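Keep in mind that what you see is a predicted model, and the values were worked out from it rather than measured.
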Amino acid sequence: MQVSYRSGIHPLKRIPKSSELSMNAIGRFVRERRKANGFTQAQLGALAGTGTRLISEIERGKQTVRLDAVNRVLETFGKMLAVADLPPE
C-alpha cells in the first residue's frame, strides 16, 4: 500500500501547532522590543505589573502562559492579542 502525504509533509517530521508558532512569535516580539527599549526582564516586569519569571516564560514561548498576563506585557508596547486568520497553507 502506498501512502501519499499532503504538501510533501513527511509523517516523522514534527509540525509545530499554530499556538506554538504564535507564542514563539510573541516571545520574539517581546524580547526584541524589551532590548530595543533597553529594559531588563525585571524592569519590563515592573512596568507591566508582572514578575521577571513571566517575562522569561513569554520570551521562551512557553505555551501555558495566561493570556491576560501576556496582554499586560504587550500593552507596555502598545499591542494586544487579537484573533487573526490563519495563513494559507
Sorted by chain and residue number, the salt bridge (charged side-chain N to carboxylate O under 4.0 Å, His left out) partners of K62 (sequence neighbours excluded) come out as E57
Quick one: side-chain contact (heavy atoms from CB on, under 4.5 Å) partners of E32, sequence neighbours excluded? R28
Of all heavy-atom pairs linking R34 and F77, the shortest is N-CZ, 3.7 Å
How far apart are the closest heavy atoms of A69 and L54, and which atoms are they? CB-CD2, 3.5 Å
Group every Ile, Leu, Val, Met, Phe, Trp and Tyr by side-chain heavy-atom contacts under 4.5 Å, then state whether M80 and V30 land in the same group. no
Taking only distance into account, with no hydrogens and no angle test, what donor-acceptor pairs under 3.5 Å do side-chain atoms of residues 38-52 form with protein atoms, sequence neighbours excluded?
from : atom 1 : to  : atom 2 : distance (Å)
T40  : OG1    : A42 : N      : 3.4
T40  : OG1    : Q43 : N      : 3.0
T40  : OG1    : Q43 : OE1    : 3.4
Q41  : NE2    : E59 : OE1    : 2.8
Q43  : OE1    : T40 : N      : 2.7

Taking all heavy atoms of R60 and all of S56, pick out the closest pair and write down the distance. NH1-OG, 2.6 Å
I need the M23 CE to I58 CD1 distance, nearest 0.5 Å. 6.0 Å
Kindly state each residue pair satisfying side-chain hydrogen bond (donor to acceptor under 3.5 Å, both in side chains) with at least one member in residues 65-74, sequence neighbours excluded. R66-D68
Going by heavy atoms in the side chains, are I26 and V65 under 4.5 Å from each other? no
According to salt bridge (charged side-chain N to carboxylate O under 4.0 Å, His left out), who are the partners of R33, at least two apart in sequence or on a separate chain? none
